[in-house]
Amino acid sequence: MPDKRKLHFWQLVFVFGAITILALAANYGYGSMKQPGMMNDTMGSMMGLMHLKNITVSDLVKQQERLESIQGQAQTQNHSNHHATSGSFLKTAHYLTTAAVILLLPFIIAGSIFLAIVWIK
Amino acid sequence: MKNVRFDFIIHWLWTIVFALLVLSGLAMVGAKYGWILNYDIASADYIHRLLAAVYVMLTFISVAIEVIRGIKGDDKKLTWFIIGKSGYQLFTFITTLIFIITGVIIWVCMDSNIAAVSFALYIHEKLTYIVIASVIWHIYVKCHALLWPKKTEAKKNSMEAGK
């Protein structure tokens, strides 16, 4: 006998299940045409396979080789040129969101340390 | 409307932002889940970045409120609040911090340290699956909260208040 109090949960499961099946049906065959073999994996797993196999802890904190950083700069330049063409709204949104995230992070970490001390007491 | 509490509003704001972050994030994860946003990775990226800033702001507000409560010595449990010192609130707090820290590493180090980005991306993605599973469990456990208060009770309360 199903629990009556959990009826709303199963209603949600049904609604979201139906939406998922409809979305999958609408896209049927579209993705498989576009993806090459390797793209079947998720991004995290691909990055893990390609870059995390032989790294050490020091690799996580040090900057990459000079040559790579020069290449990176060139890429960044191309990147920014590309973004310059796509309008100022995105640029403004990028600066605002980056500033919000970077500026608030130290306060969040400080607050978390404070809460850890208060809660453990 | 008078009875709507601040922790209730933050809870549902958080829910909406997190749901959209999950959808846009999964769409970027790879071809496996690209169908969520019709393989429009560029839009998923913009949505994810904009909402990440909102997510960080909501976290900041929640942490600030808890810090103020901590300073005042207020021990009253806010049942709808997203962070707290025990149970699912504590789980949400810890996972949120990991999401934000790994997210910032991905955001900032993208062009300078591929090892750090890979490490952060791996954790960010795998943690997403754990949190999605936990959210489904959370909805199952707390689904009685989705019941709308009965009209008769609401009427009774308002009549009692009017007396």
Side-chain angles (χ1 to χ4, degrees), chain A residues 5-9 11-13 23-24 26-27 30-32 34-36 39-48 50-52 55-56 59-64 68-69 72-73 75-76 79 90 93-94 96-102 104-105 107-112 114-115 117-120, chain B residues 28-36 38-39 46 49-50 52-54 56-57 59-60 62-64 66-67 69-71 83-86 90 93 96-97 100-101 103-105 107-108 111-126 128 136 139-141 143-147:
Chain A
R5 285 171 303 177
K6 300 297 174 195
L7 190 66
H8 283 71
F9 174 78
Q11 281 173 343
L12 280 175
V13 168
L24 278 170
N27 286 299
Y30 180 72
S32 58
K34 290 186 85 175
Q35 44 185 274
M39 288 299 285
N40 278 323
D41 223 344
T42 64
M43 203 192 280
S45 304
M46 276 193 295
M47 290 291 251
M50 286 162 71
H51 302 289
L52 290 182
I55 63 158
T56 56
D59 289 331
L60 295 176
V61 286
K62 75 177 180 198
Q63 296 284 311
Q64 281 172 300
E68 282 181 325
S69 72
Q73 277 172 3
Q75 275 177 1
T76 317
H79 201 60
L90 286 178
H94 170 72
L96 284 176
T97 50
T98 308
V101 169
I102 305 290
L104 291 179
L105 183 64
F107 292 102
I108 291 172
I109 293 173
S112 306
F114 175 84
L115 287 176
I117 295 165
V118 170
W119 286 342
I120 289 168
Chain B
M28 281 191 291
V29 148
K32 210 181 242 181
Y33 305 117
W35 54 269
I36 293 172
N38 203 23
Y39 299 94
Y46 295 141
R49 281 166 189 263
L50 282 172
V54 180
V56 169
M57 282 179 207
T59 308
F60 172 72
S62 307
V63 169
E66 275 301 314
V67 167
R69 272 160 44 85
I71 292 168
I83 62 171
K85 59 176 159 186
S86 61
L90 183 62
F93 188 33
T96 299
L97 287 178
I100 292 175
I101 291 166
V104 167
I105 292 171
W107 196 315
V108 172
D111 295 319
S112 60
N113 190 343
I114 196 73
V117 170
S118 307
F119 183 67
L121 197 65
Y122 189 84
I123 292 172
H124 204 81
E125 186 197 311
K126 303 303 172 194
T128 305
I136 294 169
I139 296 169
Y140 179 76
V141 171
C143 69
H144 57 271
L146 296 171
L147 289 168

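Bear in mind the structure is a predicted one, so any value in this text is a computation, not a measurement. Hydrogens, waters and symmetry mates play no part in the numbers below; they use all other heavy atoms, side chains included. Naming convention: chains lettered A, B, ... in sequence-line order (proteins, then strands); numbering from 1 in each chain.
Looking at L7(A), neither its backbone nor its side chain comes within 4.5 Å of chain B, counting heavy atoms on both sides. Residue I105(B) does not touch chain A at all, counting heavy-atom pairs closer than 4.5 Å. Both the backbone and the side chain of V101(A) come within less than 4.5 Å of a heavy atom of chain B. Using a 4.5 Å cut-off between heavy atoms, V108(B) contacts chain A through its side chain alone, with no backbone atom that close. When heavy atoms are compared at a cutoff of 4.5 Å, L96(A) does not approach chain B at all.
Paired with S112(A) under the rule side chain to side chain contact (heavy atoms under 4.5 Å, CB included), one option of T96(B), I83(B), L97(B) passes, and it is L97(B).
What you find for T98(A) and W107(B) is that their closest heavy atoms are OG1-NE1, 3.2 Å. Contact record, Y140(B) with K6(A): O-NZ, 2.9 Å, taken as the closest heavy-atom pair. Nearest heavy-atom pair, A100(A) versus V56(B), reported as atom, atom and distance to 0.1 Å: O-CG1, 4.4 Å. In terms of heavy atoms, C143(B) sits closest to H8(A) at O-CB, 4.3 Å. Looking at every heavy atom in both residues, T97(A) comes nearest to A53(B) through CG2-CB, 3.7 Å. Closest approach of V67(B) and L115(A) over heavy atoms only: N-CD2, 3.9 Å.
Put simply, OG1 on T59(B) and CG on L104(A) are 9.5 Å apart, with the number rounded to the nearest 0.5 Å. Distance check, rounded to the nearest 0.5 Å: CD1 of I108(A) to CZ of F93(B) gives 9.0 Å.
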Legend entry - Working for side chain to side chain contact (heavy atoms under 4.5 Å, CB included), residues I71(B) and F114(A): CA-CA 10 Å; I71(B) 292 168; F114(A) 175 84; 3.7 Å; yes
